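Please read the structure below before turning to the comments.
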There are 2 protein chains.
Amino acid sequence: MVNSDHPQSGSSAPKDHDPTSQHCDAALARAFSFLGKRWNGVILGSLVTGGAGFSELKRRVEGISDSVLSDRLSELQGVGLIIRTVQEGPPVSVSYALSHAGAELIPVMSALGAWASVNFVAHSD
Amino acid sequence: MVNSDHPQSGSSAPKDHDPTSQHCDAALARAFSFLGKRWNGVILGSLVTGGAGFSELKRRVEGISDSVLSDRLSELQGVGLIIRTVQEGPPVSVSYALSHAGAELIPVMSALGAWASVNFVAHSD
DNA sequence: ATATGTTACTAGTAAAAAGATAGTCACTTG
DNA sequence: CAAGTGACTATCTTTTTACTAGTAACATAT
């Protein structure tokens, strides 16, 4: 768990005169509390093309295991980024889709994807 | 090695699907190969306010341990996102700063921070 | 000159997370 | 009825992450 408290907030301005950086840093830390987890980013990215069921998501993410996908899905759902919908009926099916908050992340994801295409060349490690 | 070939880039073969999502997903996966690591995002975010030494970075990130910071720094350096500069002299000091590619990530970080501020306001759960 | 503190790390080890594999349960297809 | 799909859960094993120390060079205090 990352630090949930912020003991250094307040009067510590090392060298910046831009207050935006300050609040951004805190918000960034919050964002990375789940975006910094192994698959969360790609799962969210896979969902921008539309909602999907568990199996399709597994196909979309490609490489993730059942247990991890299940775990990440619960986590993402827990923070309200995705919505789980169960369609009752003869064959019960579950759909995962981006919530409003999750959808707001789409442009950021696109920007990140664009950046990666331009600046991040393939590394072999 | 610089790999600039993008199978999805250019106008080679327009697919029936939305090409933006396609290339974004692949690039996103690449981006999250390091952004999806625990501290990389915040370290990069801490660097946007300017370069810093090891100790100051540790103070900026707040919560990270020496070994992890050292490890992440090496990794980020390895993928060319940050630049390590050693100032020789009586007290040897090392500075870490964003590379060009790393700097290009700043607006994305800002967008992410803005998103987190709006959608991820203090949860009391 | 020795003790203490700072900066910049590296080592060793433990805890946590990720990954693989398999099993369950409902229902569908052959 | 056997096999297969979709949606998970459980149980390991491996990998990653994290924390505590410790090292080395220099600076300051005594």
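First the proteins, then the strands, lettered A, B, ... as listed; each starts at 1. Reckoned from all heavy atoms, side chains included, excluding hydrogens, waters and symmetry mates. Remember, it's a predicted structure, so these values are computed and weren't measured experimentally.
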May I have the distance from [X] (atom [atom1]) to [N] (atom [atom2]), rounded to whole angstrom?
X       : N      : atom1 : atom2 : result
B/Glu56 : C/dT6  : CD    : P     : 15 Å
A/Ile82 : D/dA7  : CD1   : C1'   : 14 Å
A/Glu62 : C/dA18 : CD    : P     : 19 Å
B/Leu57 : C/dC9  : CG    : P     : 10 Å
A/Gln87 : D/dC8  : CD    : P     : 11 Å
B/Phe34 : D/dT16 : CZ    : P     : 17 Å
A/Ile64 : C/dA17 : CD1   : P     : 15 Å
B/Asp71 : C/dT13 : CG    : C1'   : 15 Å

Kindly give the heavy-atom pair with the smallest separation between [X] and [Y], and that separation in Å.
X        : Y       : value
A/Leu57  : A/Ala52 : CD1-CB, 3.7 Å
A/Gly45  : B/Leu28 : CA-CD2, 3.7 Å
A/Ala101 : A/Gly80 : CB-O, 4.2 Å
A/Leu69  : A/Phe54 : CD2-O, 3.6 Å
A/Leu47  : A/Tyr96 : CD1-O, 3.7 Å

From the list [options], which nucleotide is the closest neighbour of the side chain of [X]?
X       : options               : value
A/Arg59 : D/dT17, D/dG6, D/dC8  : D/dG6
A/Trp39 : C/dA11, C/dA18, C/dA8 : C/dA18
A/Ser65 : C/dA18, D/dC8, C/dG19 : C/dG19

Using heavy atoms to find the nearest nucleotide of DNA chain C for A/Lys37 and A/Asp66 separately, return the residue whose nucleotide is more 5′.
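Per heavy-atom nearest nucleotide, the more 5' residue is A/Lys37.
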[N] phosphate, OP1 or OP2, under 4.0 Å from [X] side-chain N/O:
X       : N      : answer
B/Arg84 : C/dA8  : no
B/Arg38 : D/dA18 : yes
A/Tyr96 : D/dC8  : yes
A/Arg72 : C/dA17 : no
B/Ser55 : C/dT6  : no
A/Ser70 : D/dT9  : yes

More 5' along DNA chain D: A/Ser67 or A/Ser93, using each one's nearest nucleotide?
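The residue whose closest nucleotide sits nearer the 5' end is A/Ser93.
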Quick one: label B/Val68 by what it contacts on the DNA or RNA (base, sugar-phosphate, nothing), any heavy atom closer than 4.0 Å.
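Contact class for B/Val68: base.
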Is it true that atom CD of A/Gln87 has more than 12 heavy atoms of other residues, nucleotides or ligands lying nearer than 6.0 Å?
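Atom CD in A/Gln87 is packed in, count exceeds 12.
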B/Leu76 and its side-chain contact (heavy atoms from CB on, under 4.5 Å) partner, picked from B/Leu98, B/Ile83, B/Asn40:
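That would be B/Asn40.
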Let me test you: for the helix from C/dA1-D/dT30 to C/dG30-D/dC1, what is the angle between the axes at its two ends (five pairs each), rounded to 10 degrees?
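Answer for the end axes of this duplex: 10°.
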With side chain to side chain contact (heavy atoms under 4.5 Å, CB included) as the criterion, how do B/Leu73 and B/Ile43 come out once you've worked through the C-alpha distance, each side chain's angles and the decisive distance to 0.1 Å?
CA-CA 8 Å; B/Leu73 249 21; B/Ile43 290 174; 3.9 Å; yes
